[in-house]
Amino acid sequence: MAITSPSTPPRSSSVAVVTPSTPPSTASKAIPKEKPKEVSGSKPKEVSKETISKEAATANKVPTIGTNEISTAYITPPASPSPPARTLPRLQSVTSEVQLQSITIQEPKYLSVKTIADKLKIEKWLCGAQGGRGSCRWEINNTEKEPHKRDKIESLIKDLSLADTSSTAFDPALEELAKSYSCHLHHSGTTLEHKLTEWRDKLIPPTRIQGRVRAALWKPSVKCLVCDERIGGQRVQNCQMTSNLVLEHSGNIEYCTYLLRVWDANSRCDLHSGRKDEARIIRLVAMIQAIATTTFSSSIDENPDMSKPIQSFWLSAQLTNSFKSSKWDDPNGETDPLKILKSTVKAPLIGENLKKGFVYIYKVDGNPGRFKIGYTANLEARRKKWEFHCNRKCSMLYHKEVPNAKRVEALCHSDLHENRVQVYCDGCITNHNEWFEVSLDEAKATLDKWATWMIKSNPYDTRGLKSGNEFLKDATVLDDMEAFKKDPMAKCQ
Ligand SMILES: [Zn+2]
Ligand SMILES: [Zn+2]
Ligand SMILES: [Zn+2]
Ligand SMILES: [Zn+2]
């Protein structure tokens, strides 16, 4: 008979706790004044029980799914969430009772289609990604580009139901589903990672106490613990880095307490940063203490410095790393750039579109060849706000005052559709999607082109209607979109 050892140890929820859900890249910029020994790079050891069971399983040659005789039993996963316990065959080669006890072979566990759909609230068909501004309300629908999107999602749920929750197949299947069940803003990057963590916890709940610690320390937030003010990208990152340290040093309760004070101070806006919540800190320490001995590794030899004032534990430093980015997809699934531009040109001007303002181009450090094109009523306020939220130095390169500023921006975005990307921001834990990988000259020329068209040809009017909404005067410009895109002023001369 074919004998294999398990390709991976069974996944235990404790591993999910010690693995930070934030990318380590965030830890790269702001540096503690005196680096504690294990700030970066050191990963908590795996739970020893797993190691033992893996070794034992190998030593005793216990068959797993995939070997002939046993696998047949799993071909059709049971429909109920918890299949009845199966007794594994006792093997001749198992020599001692002690060894047998140390073997923890997890029963394959499957989730039914219904369980998955219910727990993840699939029937709502809303993206649901958690951003800085709450949960995303984008509706997941069939589009021209993906006419069978909902069918596809249903088949991905079926795939997931066929994956043993403790097997290596489970996470990739969950990720495929999460990607599909996300809007164009949230199908990748940091927000997708957060969704995956959230979904995994819903489907395979962590133990209560782990869940509470994680919820308390890991829930990414851009808002103050006390009020609704934004705390700024610097503190968002400080919190994430402190959470990492807490979990790495969970064996040292004194240091953890100190770190939790650092975390608490960084979770507040300027107005509330002086306050501290000792009761909350004590609660968290107690929770960590309860699981430290069983779940987390404890470094006995460490002697971390706790003399620094809480407020200045982290040095402030703006991010300069390159954004992770991906190509931007049109939210309606349209792929023809000329059609995208056409629908922007012919859409009526309503509300915000009717206001004048500034269209601008700016860049941030560490991202050559990438430019943000946007519009605002107040250039300097916009720039400062962005620097605060995203914790990056942001340089305004070009701007122009125009009527219908939002529409001029939209025309530029549509014109440069093929250069458009979305970038993942570690500072405000969200994706920004008005970025373009293009030369500065081309970005300026495009902005000038549509600004000029708006100013000089005055292409929209109310058609005498009382609503105040404005409509494209001359629809014949749409007849030859290629020529119109090249030079919208040609017809006006
Ligand atoms: Zn979304
Ligand atoms: Zn506050
Ligand atoms: Zn904008
Ligand atoms: Zn940002």
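As the structure lists them, so they are numbered: ligands from 1, and atoms in each ligand from 1.
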Should we count NZ of K449 as having more than 12 external heavy atoms under 6.0 Å?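 Yes, the 6.0 Å shell around NZ holds more than 12 heavy atoms from other groups.
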Taking atom NZ of K327 as the centre, report whether more than 12 heavy atoms of other residues, nucleotides or ligands fall under 6.0 Å from it.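 Enclosed.
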Where do [X] and [Y] come nearest, in terms of heavy atoms and distance?
X	Y	result
T115	L111	CG2-CD2, 4.4 Å
A347	R407	O-NH1, 2.7 Å
I310	A265	CG2-CB, 3.7 Å

Can we say [X] and [Y] salt-bridge, meaning some charged N sits less than 4.0 Å from an Asp/Glu carboxylate O?
X	Y	value
E193	K324	yes
D164	K109	no
E198	K202	yes

Tell me how many protein N, O or S atoms are within a distance shorter than 2.8 Å of the Zn ion (ligand 4).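 For the Zn ion (ligand 4), the figure is 4.
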Any luck finding a side-chain donor-acceptor pair between S188 and K179 under 3.5 Å? no
Strictly by modelled atom types, are W314 and T242 linked by a side-chain donor-acceptor pair under 3.5 Å?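 Side chains of W314 and T242: pair found under 3.5 Å.
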Polar protein atoms near the Zn ion (ligand 2) [N, O or S; cut-off under 2.8 Å]: C224 SG, C227 SG, C269 SG, H272 ND1
Applying salt bridge (Lys or Arg N to Asp or Glu O under 4.0 Å) as the test, list every pair that has at least one member in residues 257-268; sequence neighbours left out.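 Every salt bridge (Lys or Arg N to Asp or Glu O under 4.0 Å) pair that includes a residue of residues 257-268, provided the two are not neighbours, is R261-E278, D264-R268.
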Given side chains that start at C-beta, do those of K356 and N404 come closer than 4.5 Å, heavy atoms only? no
Give every protein N, O or S atom lying under 2.8 Å from the Zn ion (ligand 1), naming each by residue and atom. C127 SG, C136 SG, C183 SG, H186 ND1
Just to verify, which of R383, K385, K384 counts as forming a salt bridge (Lys or Arg N to Asp or Glu O under 4.0 Å) with E387?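 Only one of R383, K385, K384 forms a salt bridge (Lys or Arg N to Asp or Glu O under 4.0 Å) with E387, namely R383.
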